[in-house]
Amino acid sequence: MPVRVEYPEIPSPCFVLEERLLRENLSLIQSIAKTTDVEIILAFKGFAMWSVFPIVREYVSGATASSLNEAMLCVEEMKSPAHTYAPVYDLETFSEIIKLSSHITFNSLSQYERFYPMIRESGKKVAVAIRINPEFSEVETDLYNPCAPGSRLGVIAAQLRDKLPEGVDGLHFHTLCESSSADLEKTLAAVEEKFGHLLKQAKWLNMGGGHLMTRKGYDTGHLIRLLQNFKAHYPNLHVILEPGSAFAWETGFLKATTLDVVENKGIQTAMLNVSFAAHMPDCLEMPYQPRIRHASSVPVPGKPLYRMGGNSCLSGDYYGSWSFDEELQVGDNLILEDMIHYTMVKTTFFNGVAHPSIGIIRQNGEFELIRKFGYEDYKAKLS
Ligand SMILES: Cc1ncc(COP(=O)(O)O)c(C=O)c1O
């Protein structure tokens, strides 16, 4: 039986973004922003493939940074100052963050007290916000729930006074993760209940990320109505959303290759040239089973069933079970779907495993290899 070859022009392993799909997401995001008069910016933490920022810039004009490095990338490659929110800032880098940012959000009142004077003394016009924690989130996985009891993220209502602190004219919350507009609606009710008086004083509100508006079935009409109603209620507020996943949702894949098939107590594992731990950590953290093209993630009786095994030596570097129409063979290519958001930004060189290349399928169908990684990249992360 011949081996299954997918996209022969694309090396393996490789993260492959499809420009057409990215543009579809960007158009939808742009039209929601225009219709609602809400600013929608890209959260780099979810997607920071800067070679396509010239395309992103055709549709949205800003980005949110969660570190000095992301703020630098924003100025350099998005050509705009960053909306910066980091859970914690440090003295060594904060002056630089001021220079690179149009907006800075503090996670706690103690951080505000320590660092706001530096903004004031810099003389630079920076919009300043406090991240609030409405103690309400529909996110069920604690790893992604910023409102779990004891959370270190954001200031709870009991800790804030009746007035916004000096120099603060914005509020920021982030409570959603791959969520619907109905989840946002419930969150807004909690935010209004706990922080309504401060919403009236503020000039801007950042509603964070997690708005998965590009997912099939997401009720964009409801989101639009919700945002319009909210803005009608608070005409004083400039509203910002900063999704990451929504930008790159289902815009590409990870091409991999089967290098071996091992068997233990009836379980067959396809050993791939990629690693869940190093290249798809969300699969293990969330956890979730990615889709594989031409395979069923629900076992089909009578069809060959495989676990996918990563190429690091971590015992748990494997996932799930997929049924294939035919037995997998050494050399078969596999296409792991929807592997663009929260993958490239999270990869590591754990075990020194080869890092997937990065490429783009252009709108005319042609593949362009953007980056290949080698020994020097691995070595440069160590010393
Ligand atoms: C503060 C903040 N903003 C935005 C985002 C982006 O969220 P998403 O990629 O789920 O849209 C995150 C994700 O963790 C976040 O923590």
Side-chain angles (χ1 to χ4, degrees), residues 22 25-26 28-29 32-33 38-49 56 60 62-71 73-74 78 82-89 97 101-108 111 127-134 136-148 151-155 170-181 183-184 187 191 204-215 218 220 223 227 239-252 280-283 285-286 288 338-346:
L22 177 66
N25 283 357
L26 288 165
L28 178 68
I29 289 169
I32 293 172
V38 156
E39 190 177 355
I40 306 185
I41 57 178
L42 165 65
F44 281 176
K45 68 195 88 197
F47 179 64
M49 185 175 163
V56 174
V60 298
T64 178
S66 32
S67 60
L68 176 61
N69 284 335
E70 286 190 355
L73 191 67
C74 189
M78 277 295 282
H83 290 236
T84 308
Y85 158 75
V88 70
Y89 297 108
I97 286 195
S101 309
S102 57
H103 295 64
I104 295 180
T105 297
F106 291 105
N107 181 59
S108 69
Q111 281 263 300
V128 178
I130 298 285
R131 174 166 174 173
I132 51 175
N133 178 339
F136 174 88
S137 173
E138 297 274 282
V139 177
E140 279 162 15
T141 311
D142 270 356
L143 188 65
Y144 293 98
N145 181 0
C147 298
S151 168
R152 72 197 201 291
L153 301 172
V155 180
L171 291 168
H172 179 295
F173 70 79
H174 169 77
T175 60
L176 304 175
C177 176
E178 299 190 358
S179 303
S180 66
S181 58
D183 295 328
L184 175 62
T187 301
V191 168
W204 57 284
L205 172 68
N206 185 324
M207 298 186 183
H211 317 272
L212 201 43
M213 53 191 87
T214 50
R215 172 160 54 191
Y218 184 100
T220 51
L223 175 70
L227 292 173
V239 174
I240 302 166
L241 307 188
E242 50 172 30
S245 292
F247 278 87
W249 187 256
E250 295 191 337
T251 55
M280 301 168 271
D282 274 358
C283 295
E285 288 173 4
M286 192 78 171
Y288 82 95
D338 195 21
M339 279 297 167
I340 302 298
H341 56 98
Y342 289 104
T343 49
M344 276 176 262
V345 287
K346 281 195 167 185

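Note that ligands are numbered from 1 as they come in the structure, with each ligand's atoms numbered from 1 the same way.
Checking only distances, Ser245 does come within under 3.5 Å of ligand 1, N or O to N or O. Every N/O-N/O distance between His211 and ligand 1 stays at or above 3.5 Å. Note: an N/O pair closer than 3.5 Å links Glu242 and ligand 1 by distance alone. At a 3.5 angstrom cut-off on N or O pairs, Gly210 counts as close to ligand 1.
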Legend entry - Residues Ile40, Phe247; criterion side chain to side chain contact (heavy atoms under 4.5 Å, CB included); working and verdict: CA-CA 10 Å; Ile40 306 185; Phe247 278 87; 4.3 Å; yes
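The aromatic rings of Trp204 and His103 lie perpendicular to each other, with more than 60° between the two planes, well past the 30° mark.
Residues Tyr85 and Asn107 bring a donor and an acceptor atom of their side chains to less than 3.5 Å of each other.
Looking at Ser102, Ser67, Ser101 one by one, the single match for side chain to side chain donor-acceptor pair (under 3.5 Å) with Thr84 turns out to be Ser101.
Below 4.0 Å from some heavy atom of Pro243 lie the following atoms of ligand 1, by number and element: 11 (O). Taking every non-hydrogen atom of Tyr85 and a distance limit under 4.0 Å, the qualifying atoms of ligand 1 come out as 1 (C). For ligand 1, the atoms closer than 4.0 angstrom to any heavy atom of Ala43 are 4 (C), 6 (C).
Between the CE atom in Met213 and the CG atom in Leu28 there is a gap of 8.0 Å [rounded to 0.5 Å]. From Thr64, atom OG1 reaches atom CG of Leu241 across 11.5 Å, with rounding to the nearest 0.5 Å. Considering CG of Asn206 and CZ of Phe173, their distance stands at 8.5 Å, rounded to 0.5 Å.
The closest approach between a heavy atom of Gly46 and any atom of ligand 1 is not below 4.0 Å.
Of the protein's heavy atoms, His174 CE1, 3.6 Å lies nearest to atom 5 (C) of ligand 1. At the top of the distance list for atom 6 (C) of ligand 1, counting protein heavy atoms only, stands Tyr342 OH, 3.5 Å. Residue, atom and distance of the protein heavy atom nearest to atom 2 (C) of ligand 1 are Lys45 NZ, 3.3 Å.
A donor-acceptor contact shorter than 3.5 Å is absent between the side chain of Thr251 and the backbone of Trp249.
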